[in-house]
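Just so you know, residue 1 is the first one in the sequence shown, and it goes up from there.
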Amino acid sequence: MNNKIKSIFSILLGTFLMAIAVNGILVPNQMLSGGISGISLFLHFLAGTNLSLTNILLNIPLFILAFIFLKRRFIYFSLLGMICFSFWLELTNGFVIPTQSPLTIILVAGLLNGLGMGILFRGDASVGGTDIIAKILNKFFSFSMGNVILFINMVIMLTSIFAFGIDISILTAASMFISSQTTNYVVDGLNRRRTVSIITSPDTGQAIAKDIMEVMNRGVTIVPAIGGYTHQNKYILYANVNLREVAKLKHIVSAHDSHAFVTVSDVAQVIGNGRGFLSLEQNN
């Protein structure tokens with residue numbers, strides 16, 4: 001299955017899940033969604049406007065921005081995504097998922113919507129709207145797309161308090177948070193790793209690097225450095241490990257240099273050659 005077919009399949013599946021979340025959960029419970037679909041729901045509840053038509057009209061200026069800042073492949077697939085989303089909204093109109101518990105409503109709406117958006121992003125597409133803004137900020141500033149969408153959605157949610165009351169707004173905010181976290185996990189996958197930087201002396205640095213490579217079967221990059229205060233020669237060892245391997249790595253370091261300076265950082269993805277890492281071909 002080539003990349004174009006994968007993207008089209010992602011668009012069809014992702015927009016279907018999002019439409020199910022809107023018509024099946026949000027509309028019956030008078031809850032808002034995020035972005036343009038949230039604004040469309042807002043207008044639908046207040047004035048009875050058509051969801052799919054409003055969604056298309058509000059997306060026009062944002063697609064103009066997309067043509068200026070984003071690559072054409074994303075724009076074309078996002079345009080297809082917007083059309084498919086509007087189509088599914090019409091097709092699933094009247095479909096209701098029977099729910100009673102507020103917790104069930106929040107979880108189901110957030111998971112369906114976040115899963116749909118994550119599938120779209122993995123296919124390098126969206127349904128337009130504020131997804132375009134998130135993609136622009138992710139491209140130029142490396143902001144998490146899920147967190148950008150959450151911030152925009154919170155602004156929409158705050159304005160809804162005056163129209164629908166705080167109870168509905170709180171339910172909406174909780175659903176949006178679950179949706180954004182689900183989006184992040186789908187986009188980043190389960191490939192979350194820890195990046196470890198070790199500052200040590202050249203003598204112990206070689207021994208530490210050898211043990212990491214031989215005992216842990218992990219690659220290490222050695223960067224020569226000079227201490228800013230002592231002006232002594234140092235080595236900076238750089239490695240990526242999974243969560244379970246952090247304790248083993250710290251044990252290796254302490255066995256050779258109890259005074260080493262170690263930092264451990266959380267990373268969303270590790271792309272390149274290495275055990276358990278994503279290949280570059282998967283991200284092209």
*Are Ile226 and Asn233 side-chain neighbours, meaning at least one heavy-atom pair lies under 4.5 Å?*
yes

*side-chain contact (heavy atoms from CB on, under 4.5 Å) partners of Gln100, counting only residues at least two apart*: none

*Can you sort out the partners of Thr159 under side-chain contact (heavy atoms from CB on, under 4.5 Å), two or more places apart, ordered by chain and number?*
none

I'd like to check the side chain to side chain donor-acceptor pair (under 3.5 Å) partners of [X]; sequence neighbours left out, ordered by chain and number.
| X | value |
| --- | --- |
| Gln206 | none |
| His256 | Asp211 |
| Thr182 | none |
| Asn93 | none |

Donor-acceptor pairs under 3.5 angstrom involving side-chain atoms of residues 13-20: please list them, not counting sequence neighbours.
{"from": "Thr15", "atom 1": "OG1", "to": "Ile11", "atom 2": "O", "distance (Å)": "2.5"}
{"from": "Thr15", "atom 1": "OG1", "to": "Leu12", "atom 2": "O", "distance (Å)": "3.3"}
{"from": "Thr15", "atom 1": "OG1", "to": "Trp88", "atom 2": "NE1", "distance (Å)": "3.2"}

_Set of ring-ring contact (aromatic ring centres under 6.0 Å, His included) partners for Tyr229, sequence neighbours left out_ = none

*Pair listing, side-chain hydrogen bond (donor to acceptor under 3.5 Å, both in side chains) test, anchored in residues 161-172, at least two apart*: Ser160-Ser169

Atom [atom1] of [X] and atom [atom2] of [Y]: how far apart are they, to the nearest 0.5 Å?
| X | Y | atom1 | atom2 | answer |
| --- | --- | --- | --- | --- |
| Phe67 | Ile132 | CZ | CD1 | 9.0 Å |
| Ile105 | Leu107 | CD1 | CG | 10.5 Å |
| Ile5 | Ser10 | CD1 | OG | 11.5 Å |

Do [X] and [Y] land in one hydrophobic cluster if side-chain heavy atoms of ILVMFWY residues count as linked below 4.5 Å?
| X | Y | value |
| --- | --- | --- |
| Leu51 | Leu57 | no |
| Leu103 | Val96 | no |
| Val246 | Val215 | yes |

*So with a 6.0 Å cut-off around CZ of Phe45, is the heavy-atom count from everything else above 12?*
yes

*Would you find more than 12 non-hydrogen atoms of other residues, nucleotides or ligands less than 6.0 Å from Phe141 atom CZ?*
no

*What residues join Val223 in its hydrophobic cluster, counting side-chain heavy atom gaps under 4.5 Å, either direct or through other members?*
Ile199, Ile236, Phe261

_Derivation of the side-chain contact (heavy atoms from CB on, under 4.5 Å) call for Leu158 and Ile161_ = CA-CA 6 Å; Leu158 289 174; Ile161 293 177; 4.1 Å; yes

Just distance, no hydrogens or angles: give the donor-acceptor pairs under 3.5 Å from side chains in residues 76-86, sequence neighbours left out.
{"from": "Ser78", "atom 1": "OG", "to": "Phe74", "atom 2": "O", "distance (Å)": "2.6"}
{"from": "Ser78", "atom 1": "OG", "to": "Ser126", "atom 2": "N", "distance (Å)": "3.3"}
{"from": "Ser78", "atom 1": "OG", "to": "Ser126", "atom 2": "OG", "distance (Å)": "3.1"}
{"from": "Ser86", "atom 1": "OG", "to": "Asn55", "atom 2": "ND2", "distance (Å)": "3.3"}
{"from": "Ser86", "atom 1": "OG", "to": "Met82", "atom 2": "O", "distance (Å)": "3.1"}

Can I get a per-line list of side-chain donor-acceptor pairs under 3.5 Å for residues 22-42, giving both atom names and the distance, sequence neighbours left out?
{"from": "Asn23", "atom 1": "ND2", "to": "Leu89", "atom 2": "O", "distance (Å)": "2.9"}
{"from": "Asn23", "atom 1": "ND2", "to": "Thr92", "atom 2": "OG1", "distance (Å)": "2.7"}
{"from": "Asn29", "atom 1": "ND2", "to": "Ile25", "atom 2": "O", "distance (Å)": "2.7"}
{"from": "Ser33", "atom 1": "OG", "to": "Ser37", "atom 2": "OG", "distance (Å)": "3.2"}
{"from": "Ser37", "atom 1": "OG", "to": "Gly34", "atom 2": "O", "distance (Å)": "2.8"}
{"from": "Ser40", "atom 1": "OG", "to": "Ile36", "atom 2": "O", "distance (Å)": "2.9"}

*asked:* Between Ile212 and Val196, is the side-chain contact (heavy atoms from CB on, under 4.5 Å) condition met? List the steps.
replied: CA-CA 11 Å; Ile212 292 175; Val196 181; over 6 Å; no

*Chi angles and distances behind the side-chain contact (heavy atoms from CB on, under 4.5 Å) call for Leu249, Ile198*: CA-CA 10 Å; Leu249 187 143; Ile198 307 161; 3.9 Å; yes

